[in-house]
Every structure is written in structure tokens, then in C-alpha cells.
Amino acid sequence: MSKLANKIALVTGGNSGIGLATAKLFKEQGAQVVITARSNETFEKAKQEYGAQFDVVQADVSKIADIERLFAHIKTKYGKFDILFANAGIAGFSPTLEVTPEYFDNQFNTNVKGLYFTVARAIPLLNKGSSVVLTASVVASKGFAGSSVYSATKAAVRNFARSWTAEFPVEDIRFNVLSPGPIQTPIFDKMGLPQEGQDHLGGSTPIKRLGKAEEMAKAALFLASDDSSYVVGAELMADGGFGQI
Ligand code: NDP
């Protein structure tokens, strides 16, 4: 049986990696899916490749005007919606002594402020019984050299789910967090981490491999659907055990 029949879902960063795999699974499970892509270039590419499956919208979440345009579109086209997978984000690696103010701001503007205002602007448009899933990371709760800024952005995301759970009635919206471990997606290439380094990272987890975007999609589906109806304000570690060592 379809787990998301008659649901409308928004997946930010749905044009790549974990977001794309999740958008596909949500669609397979019966949802109508809106995805976002950040730039005009990635938007055009996504529209061409996935325009038949998804409603593709250009939105850079670090720009408030883009977030507002995204929700104006959703309001006009769908009225209200049911599932938000707030997944858009950037990774970053920089030893602390090399962190620049620009790097710091970019990380926080995208991963923290961008996600915060995506959710804040979504809330008035969510139907009763909605599910919001926020993408954090295993490094939100694990020390990782070179990751002080990125880890802090993801720790903030984890905390948002707790505050929002306290602030909004659970019967209206359930907030949960998905914390992936190292997953094979374009994010590592964007960071300039060669395949050898990616494999080393995967090999250093208890499961001894990188995760797959499709594995994260299944975890996101669990949190987005009624299968997780008693899971509230929680963090699902989908990390191959990386957070345990
Ligand atoms: P990808 O790089 O494949 O996907 C990232 C997505 O986020 C892209 O769709 C990208 O859009 C979008 N995005 C980035 N910045 C912005 C922005 N300012 N506005 C709108 N969209 C933006 O990586 P993943 O799929 O791996 O990452 C998805 C999430 O998972 C991220 O939040 C990441 O931090 C988190 N994560 C990933 C891990 C991994 O090992 N892969 C581990 C732990 C957490 P575009 O392509 O248009 O630039």
C-alpha cells in the first residue's frame, strides 16, 4: 500500500543526492512532490531531467526572498501541504585556524538560517498531522577534525527539532531529525574530497562502507510517514554506526 497517498511533499535540495533519492521514493509512495534546486543552472538541469516527475522550483534557501517565492508558489498551486523534508545543505571541511568569516557565514546562512526560515515559512502552510524531517548529520554529536563549523550548523538543526516540538502541538506537526553518516553523494566532490578519501571515510565506519542515498530515503520515508506516528522530536542516526565510535 502507498504510504504517502494523497500527500503533498516538499523536498529542499531535491535535485541531488539524498534529496533526489527521497523525492523519488516519496513519489513512488504516492505523494505529489515539489523539489527545489539552488541556482538557475541546477534548476534548468533538474527541470529537464525531473520536470515530468516533480514540480521543480528554483530557490536558494540562503535568500529569504527565494524562500518566500517558493511558499507563495506552493500556496497558489496546492494551498496547503503535508510533508517537508528540509534537506538542502552544504558540507564543509576547514581546519579551525583556516576558517574565514566568509566560510563561517556561508555555512550558517545555508545550513542554519536557510533551514530555519524554510521551516518557519512552511509552518502556516502545513496541514494538521504534517511531518517535518530535518537533515542534520552524525557530526552534530561527534567530534570530527576540520568540521567544527559544519558540525555546529548541524547541531543547531538538531536543536531546532526539539524547540519546535515544544512550541507546536504534536497533533499539528511532528518534527524529527535524520542524521546521516558518510553517504555517497555529489557532496564530497563539491568539497573536493577525492574518491580515495571518500572510501577511507566509509571504511572507518563500523559498517565499513559509505551509505547510499537510497538508504537515507528509506529512513526519511519512515520519519515522513505514519509508520513513525509515535516518533516525536527524535533523531534517527542513519550512519553505519559512525556515531558510536
Ligand atoms: P548534495 O550535494 O548531493 O545535495 C545537496 C543539496 O542541497 C543540493 O540539492 C543543493 O542544490 C542543495 N543546496 C545546497 N545549498 C543550497 C542553498 N543555498 N539553497 C538551496 N539548495 C541548496 O548532498 P547530499 O545529498 O549528501 O546532502 C543532503 C543533506 O544531507 C545536506 O544537508 C548535508 O549536509 C546532509 N548530510 C550529508 C551527508 C553525506 O555524507 N552525504 C552526511 C551528513 C549529512 P544544488 O544542487 O542546486 O546546489
Side-chain angles (χ1 to χ4, degrees), residues 10-25 34-50 54 56-67 69-70 85-93 105-119 133-142 144 147 149-158 160 177-193 197-202 204-205 207 209-217 219-220 235-240 242-243:
L10 168 63
V11 178
T12 63
N15 62 315
S16 180
I18 295 168
L20 177 58
T22 303
K24 287 180 177 170
L25 187 59
V34 182
I35 66 169
T36 67
R38 169 175 24 183
S39 62
N40 284 333
E41 192 189 335
T42 55
F43 164 72
E44 289 302 340
K45 189 164 175 278
K47 190 135 179 85
Q48 207 168 20
E49 284 181 45
Y50 310 115
F54 309 127
V56 187
V57 179
Q58 185 274 322
D60 179 337
V61 298
S62 68
K63 296 180 178 157
I64 299 295
D66 280 19
I67 293 177
R69 190 170 36 73
L70 165 67
F85 184 35
N87 161 81
I90 48 170
F93 178 85
D105 285 349
N106 190 33
Q107 285 277 316
F108 271 81
N109 279 336
T110 306
N111 292 352
V112 181
K113 192 174 168 194
L115 179 137
Y116 189 93
F117 283 100
T118 299
V119 177
V133 181
L134 314 175
T135 307
S137 167
V138 62
V139 296
S141 51
K142 177 182 172 65
F144 198 75
S147 180
V149 180
Y150 175 71
S151 296
T153 68
K154 293 303 190 176
V157 168
R158 214 169 51 142
F160 289 155
V177 175
L178 174 62
S179 277
I183 312 303
Q184 180 86 66
T185 71
I187 210 165
F188 292 124
D189 292 336
K190 292 175 190 172
M191 286 168 72
L193 183 66
Q198 299 178 30
D199 292 340
H200 176 74
L201 196 54
S204 61
T205 65
I207 202 169
R209 65 170 174 83
L210 293 169
K212 297 178 185 141
E214 292 72 21
E215 292 175 304
M216 298 306 104
E235 180 180 18
L236 174 52
M237 306 294 289
D239 65 346
F242 202 36

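Read the numbers this way: they start at 1 and go in the same order the structure lists the ligands and their atoms. Reckoned from all heavy atoms, side chains included, excluding hydrogens, waters and symmetry mates.
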>> If you apply the rule side chain to side chain donor-acceptor pair (under 3.5 Å), what do you find for Ser62 with Asn109, and how did you get there?
In response: CA-CA 5 Å; Ser62 68; Asn109 279 336; over 6 Å; no
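Heavy-atom contacts of Ile18 reach the following atoms of ligand 1: 25 (O), 26 (O), 30 (O), 37 (C) (cutoff under 4.0 Å). Distances below 4.0 Å separate heavy atoms of Ala59 from the following atoms of ligand 1: 19 (N), 20 (C). The distance from ligand 1 to the heavy atoms of Pro182 drops below 4.0 Å at these ligand atoms: 40 (O). Remark: ligand 1 atoms within the under-4.0 Å shell around heavy atoms of Ser137 are 43 (C), 44 (C). For ligand 1, the atoms closer than 4.0 angstrom to any heavy atom of Phe188 are 40 (O).
Remark: distances from the non-hydrogen atoms of Ala91 to ligand 1 are all 4.0 Å or more. The shell of residues lying under 4.0 angstrom from ligand 1, judged by heavy atoms, excludes Thr12.
The protein heavy-atom contact nearest to atom 22 (C) of ligand 1 is Ala88 CB, 3.7 Å. Of the protein's non-hydrogen atoms, Val61 N, 2.8 Å is the one closest to atom 19 (N) of ligand 1. Atom 2 (O) of ligand 1 has Lys190 NZ, 2.7 Å as its closest protein atom, hydrogens excluded (heavy atom only). The protein heavy atom nearest to atom 39 (C) of ligand 1 is Ile183 N, 3.6 Å. Atom 36 (N) of ligand 1 has Tyr150 OH, 3.6 Å as its closest protein atom, hydrogens excluded (heavy atom only).
Ring pair Phe160/Tyr116: centre-to-centre distance below 6.0 Å.
Counting heavy atoms only, Gly181 comes closest to atom 38 (C) of ligand 1 of the residues Ser39, Gly114, Gly181. Nearest to atom 3 (O) of ligand 1 by heavy atom, out of Ala136, Ala37, Ser16, is Ser16. Across Ile35, Leu210, Ile187, Asn109, heavy-atom proximity to atom 23 (O) of ligand 1 is greatest for Ile187. Distances from atom 30 (O) of ligand 1 to the heavy atoms of Thr22, Asn15, Thr42, Thr135 show the closest one on Thr135. For atom 17 (C) of ligand 1, the candidate residues are Asp60, Leu70, Ile90; the nearest heavy-atom contact is made by Asp60. For atom 5 (C) of ligand 1, the candidate residues are Gly13, Gly17, Gly89; the nearest heavy-atom contact is made by Gly89.
Looking only at atom types and distance, the side chain of Arg38 has no donor-acceptor partner in the side chain of Gln58 under 3.5 Å away.
When heavy-atom distances to ligand 1 are checked against a 4.0 Å cut-off, Phe43 has no atom that comes that close, whether in backbone or side chain. At a 4.0 Å heavy-atom cut-off, ligand 1 touches Lys154 through the side chain alone.
Phe108 does not carry Lys113 over the face of its six-membered ring by the limits of under 6.0 Å from the centre and within 45° of the normal.
Salt bridge annotation for Glu49-Lys45: present, with a cationic side-chain nitrogen under 4.0 angstrom from a carboxylate oxygen. Under a 4.0 Å N-O distance rule, the pair Glu215/Arg209 qualifies as a salt bridge.
Remark: ligand 1 and Thr185 share an N or O pair separated by less than 3.5 Å (distance only, no angle test).
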